[in-house]
Amino acid sequence: MRRVLPVLSVLLAIVLVWYAAAVLMNAPWARDQAARAGQDLPLPALIAATMVQDRPVLPAPHQVAKGLWDGIAGQKITSKRSLVWHGWVTLSATLAGFAIGALAGIALATAIVHSRVMELSMMPWAIASQTVPILAIAPMVIVVFASAGVTGLIPKAMISAWLSFFPVLVGMVKGLRTPDAMQMDLMRSWSASRAQTFWRLRLPSALPYLFASLKVAVAAALVGTIVGELPAGATAGLGARLLSGSYYGQTVQIWAALFAAAGLAAVLVAAIGAIERLTLHRMGLAR
Amino acid sequence: MSVIEAKGVNLTFQTRDGPVHALKDVNLSIEKGDFVSFIGPSGCGKTTFLRTMAALETPSSGVLSVNGMTPDQARQRRAYGYVFQAPGLYPWRTISRNIALPLEIMGFSKADRQQRVARVLDLVELSAFGGKFPWQLSGGMQQRASIARALAFDADILLMDEPFGALDEIVRDRLNEALLELWQKTGKTIAFVTHSIPEAVYLSTKIVVMSPRPGRITRVIDSSLPRERPLDIRDSEDFIRLSHEVRDALREGHGDD
Amino acid sequence: MSVIEAKGVNLTFQTRDGPVHALKDVNLSIEKGDFVSFIGPSGCGKTTFLRTMAALETPSSGVLSVNGMTPDQARQRRAYGYVFQAPGLYPWRTISRNIALPLEIMGFSKADRQQRVARVLDLVELSAFGGKFPWQLSGGMQQRASIARALAFDADILLMDEPFGALDEIVRDRLNEALLELWQKTGKTIAFVTHSIPEAVYLSTKIVVMSPRPGRITRVIDSSLPRERPLDIRDSEDFIRLSHEVRDALREGHGDD
Amino acid sequence: MMLLPLAMILLPPLALNIWLARSPSPVARVLIPVIFGATLLAVWEYAVGAFGIPAVILPAPSAIGASFAANIPLLWGDFVQTILKGALSGWLIGATLAVAVAVLIDRSPFLQRGLLPIGNFVAALPIVGIAPILVMWFGFDWQSKAAVVVVMVFFPILVNMVEGLKATDALARDQIAAWGASYGQALVKLRLPHAMPFLFNGLKITTTLALIGAIVAEFFGSPTRGMGFRISTAVGQLNMALVWAEILVAALAGTAFYGIVALIERRVTFWHPSARR
Amino acid sequence: QDALPLTVQLKWVTQAQFDGYYVAQDKGFYEEEGLNVTIKPGGPDIAPVQVLAGGGADVVVEWMPAALAAREKGLAIVNIAQPFKKSGMMLTCRKETGITSPADFKGKTLGVWFSGNEYPFLSWMNTLGLKTDGGPEGVTVLKQGFNVDPLLQKQADCISTMTYNEYGQVLDAGLSPEDLVTFKYDEQGVSTLEDGLYVLEPTLQDKDKVTALVRFVRATMKGFEYAAANPKEAADIVLENDETGAQTEAHQLRMAEEVAKLTEGSTGVLDPADYQRTVDTLLSGGSDPVITKAPEGAYVTMITDRAFD
Ligand SMILES: Nc1ncnc2c1ncn2[C@@H]1O[C@H](COP(=O)(O)OP(=O)(O)OP(=O)(O)O)[C@@H](O)[C@H]1O
Ligand SMILES: Nc1ncnc2c1ncn2[C@@H]1O[C@H](COP(=O)(O)OP(=O)(O)OP(=O)(O)O)[C@@H](O)[C@H]1O
Ligand SMILES: Cc1ncc(C[n+]2csc(CCO)c2C)c(N)n1
Ligand SMILES: [Mg+2]
Ligand SMILES: [Mg+2]
């Protein structure tokens, strides 16, 4: 209750603001239409008109909710019109990309804290890599993979790995460096090998940082997959849904797909949070 | 044979506002089985010298040898047990597993580990707390756990940086006795930093008095006390004389500020 | 009038593996101008009681009043100077600016601040280090800076948690003298945690001996020493008798573990 | 067969870098990444030639360099439009808002518990979904790009800042309480300085986000200038050298942006252990 | 005997614009020809020529301006057939802006598709003597996104639309043809050839591929004919193949009907006169033309010759 009540009240506030905004933003179109038809529009009718447009500037919350409900429960989940089906397509590539990205990030961070050459050579380029507009190179990645005969899940997963490795890298480098001088000195005084220091000191100290970054990374992986889905032949997945909604001006469909994506991300983040609590609890780090 | 031999050791820290001369021209030789206390005002380089012995700092000049090797070689042979000024326990390990950590690293068998952990926990009177995490203990208990950790693997040389600073006198007395007993039984070489004159006199075969800015040794006092030392030796005449000698040496060192 | 009055104070910490009874049925009254030392084994609740006086913990039951107010009201009137067991200096401020911080908070004028900082820096013998950052000082120096900070704003009540634990005996003696002098001149009320029996006896008008599990007061010893105390009072018969009394009381408390 | 020359390109700079890494000089700090990058470029140039990769798929670095040099005024105009107007203004607005909101909700655990989970949700909204909507709301010019950037950077900074405000240790909080400090005093003297490392963590992460946001938003509508506009247009003309020249500008700007924030961070949080190494 | 494999890359997402291919697939026209065809949908981020160059497809559907640009960039790409006879591009304006003829464009804001589609527009403005740099003497150009919102939200006075797609969306949104003014590129004399089939030159050296292409073109044209005759069925087939599940029946039906008007009159054979008009339009494209000289060998007739022998 302590956790649900605040969320609910904030949500309520948002929904109210949202309705108000929907009325304000959709009103010009409603007035235009009325003017074209030569009718005049009293306020109640105006408000009613802003709630039911096909192409609203801002769909009302209930329209989005209905879009979501239709997408999720409106048909069999194997149907192409089902958001569950598209969500699944996106999720599988996201998980693959996240796994690749997280492993790469951890491996690179490990190399970087152990080797000055690695740090100095890689770090600036890792940063630069993230400034490359992903949407611009995603089509090339897809084309290059396709020319090598690789299509489907892998190219999308590579793009999502590209986006998700960076937060893991940054968090993990910071985490692996948290042990203070005394703890490192203790290890030295026992003449611990690098591997022992890594497994017994650096890694456990880094775990809180790792989990924090994994949460960011999994959301990034989802965005990466969605971006990868746009040029992958706009076939299936939440990204394709978003885009086709955009082509055909189906505002409600865009918003529904948007919320489905964000909901998926929230679920993934929550899952990592649960793993985090479990791990830290077992390690005695949760207090 | 000298276990530790320092000849003309200097150590300077480079800081943003100029160099700090933490050790100046330090000469000292410690024999096998010695119990050497270091005493001196704060900032005089006690910690720094201990760290240099353990190869955690490198002298700017001079020679330091440990068992005829460089400190670094000695470290690799795991010659040291080191107790730091702060406990430095790992929050994600219980007290027992904290103590077992160096044993794991050094490859002791599991059975051996368990038995050693039990022994040292008993020694520092923490047997009931092996299963607790460090942050569930008071400061003094944590410090005792850290002492137990350094004792567990029976290094020949023990370096202890104010290990008993956070303990009350009763526990301190008991641990002093236990430490002396351990030292007598095992013939370890111990270097021990303290701020307490009675503690230094009670424990040591050799008391090194240091003085700051630059950090240097001003007196080395050899103890005339026998190796067997019941607690009430502290009321003996020899003890009181030695205490006065140390206090005077300390005061001299303070004279220049 | 009692400055601090504790009646049947209990404090229990709820931890994952059951409640810890840190203070049990504590009754104590401290008069204006008293210098009260708390002594006892580690984990007996000394810190906890000091924190309760400063309204940093709330008793589970019982009444505690400070100057006739609740501790919280007293805190808001800035009645306390508190020296914590660890220095707790802000790494982004120099030593001088660390000391000036409570003065800023309490709205002292700039000129006043400067003059007070200079005075207390001098008192703890750190005048040359005002411009350094905390991490450039040794542990003992940091602790002295933290004492200076608590003294700077002249609170009526000083709560000091092992302030001199990390200092060598010479500096400790000097600071003991300085603290006594300050106390005599200003008539402050001081609550002081220490592990050193001689220190407790030398400084206090009242020595509170505590014992752990559950944390409680086992003896309150009123000092028969005069308020004027030269250092060599420590060789007087009264002093030695008092010391023995305290040691015995401590040992009793330890008896049950 | 192809691998031998590759090894010959790769090995000497690698050896050079390992040797350079031994010296702690600041020159080495700059030289090593440069050598590393130059090596990558050499491999790229070689591969494009050796494997006959068509220029419409991946142009050689030399061609990209030539295109860059030939289009400097164009690239500068795009840079001003996208980075300075879109990304930077959006980042500044987003960061300011985030810090302000963090301080505002700091006193209310209720708002924190309510806002942060929803914040995580909003932060996970994919940019490709929001961008068209914001273009529809805020028009085609840089204002809509700035809006996208605000949405993208707001929550990462907010989350870090809230965390940072909570990060003060118990001792420091007790101290300041013992001095009877007011809420505002504790905030200014203790908690804001303490939050700085966290804040900068958020600021650094979001520099790259801001760039991506501003560029990608242009794919969904823009005036006839800007880096995202140019990239999508040039792809249509198969002018891949120009596409990569724009990507180069993005990478340079992003690295510089990150570097500047990191530099300010070192100045502000000089006292933090990670800066003192 | 095994079916000959062939991969075709579309220019845009699955929709009735490409009903000929889907119908040919669905009705088994490809199979009858002994072909095994894979149809890859496209999208705004897919440049079909790039896919072709990368080896991701044997044949692509592309607009001629982009193809000629690629050819000038050194990619040996050639037109082998031209299913679309007419151009479906137009500029659609709201009537209330007061625009009645191209002369009224001055000072107005126009939405244009880029990514290679801007050249006919630029050449048109060139012939009208209007600058496109946003000054008061010319027009302000916006890079239009993928939908018609700029017109509905009044952010632009006119936007680019396809007769078969976006125009319908504008109507669906609630505007009526009376509220709108349209300018077809065809009628303004600046039309360029749209959906054609392109391959890389080396493909034409491969006898098996040529055989496959010949059959492919034949079957595809049959598909377009069938679709033109049965728009309802064609729309249904397209809907079935749409993996995003986003299309609506009504919209696809209208698209199939409109597309039939564009394929009408084409047998699949490229008309040299249309080709020449396209090249001329592109060459006059203002300051930064998409091609700088008339291309040579940009189309071949050998496939259509053999297909419709
Ligand atoms: N890493 C360092 N960088 C710069 N100066 C240092 C460093 N470590 C120690 N010092 C300085 O060297 C001198 C000696 O410090 P050291 O810690 O050895 O003193 P100490 O005798 O152990 O003092 P204490 O009793 O307070 O622990 C001090 O002046 C200290 O400020
Ligand atoms: N926050 C807390 N949560 C749970 N238990 C606590 C907490 N703080 C203190 N304790 C427990 O309360 C008891 C008293 O602790 P306190 O810190 O007051 O002891 P102390 O007398 O100051 O010891 P020391 O001399 O070691 O500083 C201890 O058993 C300790 O483990
Ligand atoms: C980025 C981009 N935007 C629009 C078009 C124009 N276009 C060509 S085919 C087609 C489908 C018919 O609606 C459309 C809209 C394009 N090629 N690329
Ligand atoms: Mg020290
Ligand atoms: Mg305590």
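The chains referred to below are lettered A, B, ... by the order of the sequence lines, with proteins before strands, and numbering in each begins at 1.
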Chemist: Identify which part of A:I14 has an atom lying under 4.5 Å from any heavy atom of chain D, answering side chain, backbone, both or neither.
Modeler: side chain
Chemist: Between A:I127 and chain D, with a heavy-atom cut-off of 4.5 Å, which part of the residue counts as in contact: side chain, backbone, both or neither?
Modeler: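 Its backbone and side chain both get close to chain D.
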Chemist: If you apply the rule side-chain contact (heavy atoms from CB on, under 4.5 Å), what do you find for A:V7 with D:L115, and how did you get there?
Modeler: CA-CA 7 Å; A:V7 177; D:L115 265 178; over 6 Å; no
Chemist: In Å and rounded to the nearest 0.5 Å, what is the CG to CD distance from D:L211 to A:Q130?
Modeler: 11.5 Å
Chemist: For A:S9 and D:F110, work out which heavy atoms get closest and say how close.
Modeler: OG-CZ, 3.1 Å
Chemist: Need one label for A:L258: side chain, backbone, both or neither, based on atoms under 4.5 Å from any heavy atom in chain D.
Modeler: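 Interface part for A:L258: both.
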Chemist: Given a strict heavy-atom distance threshold of 4.5 Å, which part of A:V132 is in contact with chain D: side chain, backbone, both, or neither?
Modeler: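 For A:V132, backbone and side chain are both near chain D.
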Chemist: If you count heavy-atom pairs under 4.5 Å with chain D, which of A:S121, A:A265, A:P167 comes out on top?
Modeler: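 Among the listed options, the one with the most contacts to chain D is A:S121.
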Chemist: For the pair D:W137 (side chain) and A:V57 (backbone), establish whether a donor and an acceptor sit closer than 3.5 Å, ignoring hydrogens and angles.
Modeler: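 Such a contact is found between D:W137 side chain and A:V57 backbone.
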Chemist: Give the minimum heavy-atom separation between A:P56 and D:M136, together with the two atoms involved.
Modeler: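 Between these two residues, the closest heavy atoms are O-CE, 4.2 Å.
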Chemist: Between D:F36 and A:P124, is there a side-chain heavy-atom distance shorter than 4.5 Å?
Modeler: no
Chemist: Kindly indicate whether the side chain of D:I133, heavy atoms from C-beta on, has any atom under 4.5 Å from the side chain of A:W255.
Modeler: yes
Chemist: Given heavy-atom pairs under 4.5 angstrom as the criterion, report whether the side chain, backbone, both or neither of D:F257 touches chain A.
Modeler: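 Neither part.
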Chemist: Under 4.5 Å from any heavy atom of chain D, what part of A:M25 do you find: side chain, backbone, both or neither?
Modeler: side chain
Chemist: Is D:M240 close to chain A through its backbone or its side chain, or both, or neither, when contacts mean heavy atoms under 4.5 Å?
Modeler: side chain
Chemist: Side chain, backbone, both or neither: which part of D:F219 has a non-hydrogen atom closer than 4.5 Å to chain A?
Modeler: side chain
